[in-house]
2 protein chains.
Amino acid sequence: MPPDSTRRSERSRRAIYDAALALVTEVGYPKTTIEGIAARAGVGKQTIYRWWSSKADVLLEAFIDLSAQAAEAADRAEVIGEQAAYEIPDTGDLEADLKLVLRATVDELLDPAFEAPSRALAAEGVVNEEVGREFVGKLLEPQLQLYVKRLRAAQEQGAVRADLDPRIALELFVSPLAQRWLQYTGPITYEYTDKLVEYALYGLAPR
Amino acid sequence: MPPDSTRRSERSRRAIYDAALALVTEVGYPKTTIEGIAARAGVGKQTIYRWWSSKADVLLEAFIDLSAQAAEAADRAEVIGEQAAYEIPDTGDLEADLKLVLRATVDELLDPAFEAPSRALAAEGVVNEEVGREFVGKLLEPQLQLYVKRLRAAQEQGAVRADLDPRIALELFVSPLAQRWLQYTGPITYEYTDKLVEYALYGLAPR
DNA sequence: GCTCGACAAGACGACGCGTCTCGCCAAGAA
DNA sequence: TTCTTGGCGAGACGCGTCGTCTTGTCGAGC
């Protein structure tokens, strides 16, 4: 039978999240062990096995929690443009808006606190379809839907062709950045993401 | 001191490649162990540790070998269009050529014999920069350079703007497919890759 | 005050790690 | 031919982590 969640220790849960994120950052995902997380968190191993099914599962929840905290903090501070986790700006200039957001994404991808855990989860997701789909569903796809929304607005404004599928269109500038980050296929710079936006909007063929 | 490669057993090398590829396909990368590869190949563990530094290293060489064999076979058969590992066709119609090659790539990505090992290596590469760079340098980048060559030809033909960087341009249609495959962010179909080519060539903005 | 179940701690057998020590055997030297 | 060399298959070894199980503690609700 499942454990009684009303008696669950919030203190342990938080300690486990913190320990998991710290260990992944410090020693890397492969050397992060359940035993290590338990020891660091001052927690019995059984407490981890009681609530999570695997190392990846722990890290996924820890990272979701971290993202939620970060989004909340950004929301409170009402900082626009630095890392708009909740919405993509709409100034009426699609090209400028996309360039701005992609530059912010570049900053986030290179932020060590986010890089280690998200790399670990992405890697696990490549080889473990269940983890992959959960990672995408809970973290990646919601971000991508922000682009869908912005592109739909652009279609109404006439800045993007009305017959295009926004969910595919966004991949033209998001996926190249993602691939460079995931697979080290090239450098990640503002100049690069700016070009991606330009190439995607105006096409490779001459006008 | 390094071992004497002139006395190396070719028989063992091949058996190790075969065992590694088979195990990754059958039980998955995480459950593939050096001990398991050795046992399956009928080989002492030390023989593996003598010539390779890690599980990823073994698999990388095994997969490179597999790819080389496949390319050689395709070359011999002179099959054009099904899986052109050596060159991208140039019929003068860039859109058609790219659609054809991307459709072939879709087939390859869904081929079980290639999928398991290449997923495993990609995953390892995400979290292990050294493996990642080797994977890219030896396997991925050579493939991408075929697109660079084809796009350069298209630029000379006037089918692609002369001021674009072909190495970035190719990412508009290759990376989205790669991301969907790696991260399960969406279905992979011919219709999808066809659209990628169209969107990339003619742009998102109205003409 | 009593019960119940999560908790920290850690013992347990299983297993893969990477290193090592054995004979065995084939190729080149004497 | 005989001798030497070094990779070879096999597997023992100590170590660390796995996931499970046991023990005693503690706090919340009846």
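Numbers restart at 1 for each chain; the letters A, B, ... are given by sequence-line order, proteins then strands.
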Taking the basic N atoms (NZ, or NE/NH1/NH2) and the acidic carboxylate oxygens, is any pair closer than 4.0 Å for [X] and [Y]?
| X | Y | answer |
| --- | --- | --- |
| Lys149(B) | Glu87(B) | yes |
| Asp165(A) | Lys195(B) | no |
| Arg167(B) | Glu141(B) | yes |
| Asp18(A) | Arg40(A) | no |
| Lys55(B) | Glu124(B) | no |

- Distance-only side-chain donor-acceptor flag, Glu95(A) / Tyr202(A), under 3.5 Å: yes

- Any donor-acceptor N or O pair under 3.5 Å, side chains Glu134(A), Tyr184(B): no

- Item | Protein-nucleotide distance (Trp52(A), atom CH2; dC18(D), atom P), rounded to Å | 15 Å

- Query: Tyr49(B) has an atom OH; how far is it from atom P of dG9(D), in whole Å?
  - Reply: 15 Å

- Message: How would you summarise protein contacts on nucleotides 5-12 of chain C per nucleotide, using B for base, S for sugar-phosphate only and - for none, with heavy-atom distances below 4.0 Å?
- Response: BSBBB-B-

- Only stems of 3 or more consecutive Watson-Crick or G-U pairs count here, both distances under 3.5 Å; name the ones for DNA chain C, or none. C:2-30 with D:1-29

- Scan residues 27-34 of chain B against DNA chain C and write down, sorted by residue number, each residue with any heavy atom closer than 4.0 Å; if none is found, say none. Thr33(B), Ile34(B)

- Task: Determine, for Trp51(A) and Arg13(A), whether the Lys NZ or Arg CZ falls below 6.0 Å from the six-membered ring centre while staying within 45 degrees of the axis.
- Result: no

- Item | Evaluation steps, ring pair (Phe, Tyr, Trp, His ring centres under 6.0 Å), between Tyr17(B) and Phe63(B) | CA-CA 8 Å; Tyr17(B) 286 169; Phe63(B) 190 66; over 10 Å; no

- Is any side-chain heavy atom of Trp52(B) closer than 4.5 Å to a side-chain heavy atom of Leu60(B)? no

